[in-house]
Amino acid sequence: MKKIIHLVKLSFQNQEIDFTNISIKSAIFILAMPMIIEMMMESIFAVVDAFYVGRLGDLALATVGLTESVLMIVYSIGMGISMAGTAIIARRFGEKKYKEAGTSAFQLITTGFVLSLLISLISLFFAKDILGLMGATKEIIEFGSGYTQITFGSNVVIVLLFLINGIFRGAGSAQIAMKTLILANGLNLILDPLFIFGWGSWEGFGIEGAAIATVTGRSVGIIYQVYHLINGKKLLKIARENITLKLSEVRHILKIAAGGMGQFLIDSASWIALSRIVAESGESAIAGYTIAFRVIIFTILPSWGLSGAAATLVGQNLGANNPLRAEKSVWITAKYNMLFLGGVMVLFYFFGTNISSLFTSNSETISIANSALTIITFGYVFFGLGMVIVQAFNGAGDTKTPMFINILVLWFMELPFAYYLAIPCDMGPKGVFISIAVCHSIHAIVSLFIFKRGKWKTIK
């Protein structure tokens with residue numbers, strides 16, 4: 001018990017640790033604890049918005065659901081560059097090249113800012129058209145286009161928050177990433193109901209208030225991140241000599257990030273297509289799918305946080321020329337992740353209806369959300385294994401292998417299967433949920449087979 005208490009203290013302190021020399025289980029614990037909390041804070045953003053927006057009715061929930069489906073493309077860019085950040089910074093820290101790590105951090109942030117700014121400008125002007133392409137009715141577009149425009153226009157904030165936290169995780173400073181999300185999410189919790197419903201005689205902004213609150217919280221989080229990068233108190237710092245643009249390194253970043261972006265773009269495109277299939281069943285189906293998706297994110301992101309420990313350990317141990325230790329880190333992390341998601345699966349099976357009813361009183365919407373929670377999570381144990389394997393590839397800098405697996409399984413298997421079950425077989429949303437559970441389990445098995453071949457150990 002004393003050892004656990006000691007590890008908990010270390011995981012929340014800003015103490016810098018050489019994760020290539022301590023025990024693997026201790027390293028996983030110290031890294032995973034703040035990463036799990038960080039991801040839980042990120043998922044709370046989504047759940048809190050759904051909770052308050054749900055009070056505005058199914059039109060509001062449908063707007064958020066369709067907007068979030070498209071916004072996954074933005075998350076793809078943020079996650080892709082974040083993967084590059086974690087892999088590059090972890091490798092530099094494993095090599096003990098701390099000055100080079102600071103220079104790489106500057107290149108990463110500059111690249112992420114330029115890319116996200118371009119996408120913000122494009123998506124801002126075509127928000128209504130994008131909602132229409134997603135199958136939104138005229139009522140949804142009229143009601144929620146303001147929310148969509150604000151959300152799309154804040155792409156820079158979303159990408160930078162993901163990216164800089166990925167940089168800190170690569171350096172082993174997961175505590176700073178965690179505190180960033182606690183700060184940003186705490187502000188969102190306070191501002192969400194205030195901006196949506198108002199205060200006293202002020203009526204608030206309605207659904208647009210949810211977007212404004214989220215942007216404000218994330219922006220303050222970025223200020224906190226930048227402070228820790230420039231204050232010079234950590235091994236990872238951006239000093240004056242690091243502020244120089246190196247096009248060769250930017251190309252290297254884009255090469256690694258391209259695979260990461262590809263992974264999430266392919267994944268996001270499949271989720272968008274699945275949302276489009278669900279939309280054929282009406283507004284209640286979209287609302288139920290949105291609720292279930294938010295709740296699933298609430299459990300998947302902490303699991304992704306645990307998987308992130310594997311990415312950092314793989315990167316740092318490969319940098320220290322210890323591939324066997326890197327591989328052992330992956331197997332231990334995978335075991336923990338599978339146990340966690342197995343427990344969540346049992347929880348959703350017995351309490352899916354109760355959880356869904358927290359977000360809406362519409363019985364049809366609750367029924368669809370419950371079906372999604374109970375059916376999709378039957379594949380959760382495989383999900384747990386697959387996430388760790390994918391993060392191990394990414395931590396090694398091999399972002400292309402997971403991308404190709406995504407193309408094979410998600411596009412050529414999941415989407416046709418979901419369409420066949422939902423439309424020709426007339427199963428509706430349940431057909432989509434079955435396809436997700438089956439195909440993501442296959443994804444994990446394929447990833448495991450390729451991982452065991454060991455080519456990822458040779459990535460430079």
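- Side-chain atoms of Ser173 and Ile176, non-hydrogen and from C-beta on, do get closer than 4.5 Å to each other.
- Side-chain contact check for Phe340 versus Ile36: every heavy-atom pair is 4.5 Å or farther apart.
- The residues Lys96 and Asp18 are annotated as salt-bridged, a charged nitrogen and a carboxylate oxygen being separated by less than 4.0 angstrom.
- Rounding to the nearest 0.5 Å gives a distance of 11.0 Å between CG of Leu306 and CZ of Phe29.
- Contact check for Thr401 versus Trp456: no side-chain heavy atoms found under the 4.5 Å cut-off.
- Applying the side-chain hydrogen bond (donor to acceptor under 3.5 Å, both in side chains) criterion to Ser120, with sequence neighbours excluded, gives no partner residue.
- Minimum heavy-atom separation, Asn317 to Ser329: ND2-OG, 4.2 Å.
- Considering only residues two or more places apart in sequence or on other chains, Arg92 meets the salt bridge (charged side-chain N to carboxylate O under 4.0 Å, His left out) condition with Glu95.
- The two residues Leu385 and Ala334 have their closest heavy-atom pair at CD1-CB, 4.0 Å.
- Across all their heavy atoms, Ala273 and Leu415 have their closest contact at CB-CD2, 3.6 Å.
- Using a 4.5 Å heavy-atom threshold, the side chains of Phe195 and Thr214 count as separate.
- With rounding to the nearest 0.5 angstrom, the CD1 atom of Ile459 is 9.5 Å from the CZ atom of Phe393.
- Here the side chains of Asp398 and Asn394 are not in contact, with every heavy-atom distance at 4.5 Å or above.
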Ile167 vs Thr86, side chain to side chain contact (heavy atoms under 4.5 Å, CB included): CA-CA, chis, key distance, verdict: CA-CA 5 Å; Ile167 290 172; Thr86 298; over 6 Å; no
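- Using a 4.5 Å heavy-atom cutoff, the side chains of Ile81 and Met261 are in contact.
- By the ring pair (Phe, Tyr, Trp, His ring centres under 6.0 Å) test, Trp411 pairs with no residue at all, sequence neighbours left out.
- Summarising the local packing, NZ of Lys99 is surrounded by 12 or fewer heavy atoms from other residues, nucleotides or ligands at distances under 6.0 Å.
- No hydrogens or angles considered: a donor-acceptor pair under 3.5 Å links the side chains of Glu249 and Ser104.
- What you find for Leu373 and Ala292 is that their closest heavy atoms are CD2-O, 3.9 Å.
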Side chain to side chain contact (heavy atoms under 4.5 Å, CB included) between Leu341 and Met387, worked out: CA-CA 11 Å; Leu341 285 182; Met387 276 189 284; 3.4 Å; yes
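- The CG atom of Leu313 sits 5.0 Å away from the CG atom of Leu31 when rounded to the nearest 0.5 Å.
- Ring pair Trp202/Phe197: centre-to-centre distance not below 6.0 Å.
- In this structure, Ser154 contributes its side chain and Thr151 its backbone to a donor-acceptor pair below 3.5 Å.
- The distance from atom CG of Leu187 to atom OG1 of Thr216, rounded to the nearest 0.5 Å, is 8.0 Å.
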Verdict with supporting geometry, Tyr336 and Trp331, ring pair (Phe, Tyr, Trp, His ring centres under 6.0 Å): CA-CA 9 Å; Tyr336 294 155; Trp331 297 130; over 10 Å; no
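- Note that OG1 of Thr20 is 8.0 Å distant from CG of Asn322, once rounded to the nearest 0.5 Å.
- Contact between Ala211 and Ile150 at its shortest, heavy atoms only, is CB-CG2, 3.6 Å.
- Here the side chain of Ser82 pairs a donor or acceptor atom with the backbone of Phe162 at under 3.5 angstrom.
- Checked against a 6.0 Å centroid threshold, the rings of Tyr227 and Tyr224 do not count as neighbours.
- Using a distance-only test at 3.5 Å, with no hydrogens or angles considered, a donor-acceptor pair links the side chain of His440 to the main chain of Ile436.
- Ser219 OG to Leu161 CG: the interatomic distance, rounded to the nearest 0.5 Å, is 9.0 Å.
- Between the side chain of Arg91 and the main chain of Gly395, no donor-acceptor pair closer than 3.5 Å is present.
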Pair Phe348-Val295, side chain to side chain contact (heavy atoms under 4.5 Å, CB included): steps then yes or no: CA-CA 10 Å; Phe348 283 169; Val295 174; 3.5 Å; yes
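- Looking at Ile89 and Leu108, their side chains come closer than 4.5 Å, going by heavy atoms from C-beta outward.
- Looking at Ser270, its side chain does come within 3.5 Å of a backbone N or O of Asp267 through a donor-acceptor pair.
- Between Gly217 and Ala184, the shortest heavy-atom distance links the atoms O-CB, 3.1 Å.
- If you check the side chains of Thr103 and Asn242, you find a donor sitting under 3.5 Å from an acceptor.
- Between the side chain of Ser116 and the backbone N or O of Phe113, at least one donor-acceptor pair lies under 3.5 Å.
- Contact of the Gln263 side chain with the Val390 side chain is registered, since non-hydrogen atoms from C-beta on lie closer than 4.5 Å.
- Although no hydrogens or angles enter the test, the distance criterion places no donor-acceptor pair under 3.5 Å between the side chain of Thr377 and the main chain of Tyr380.
- The main-chain N or O of Gln107 is never found under 3.5 Å from a side-chain atom of Thr110 such that the two would form a donor-acceptor pair.
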Check against side chain to side chain contact (heavy atoms under 4.5 Å, CB included), Asn406 and His443: CA-CA 7 Å; Asn406 279 0; His443 188 288; 2.6 Å; yes
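- Judged by distance alone, the side chain of Gln316 and the main-chain N or O of Gly170 form a donor-acceptor pair under 3.5 Å.
- The backbone N or O of Gly384 sits less than 3.5 Å from a side-chain atom of Asn337, completing a donor-acceptor pair.
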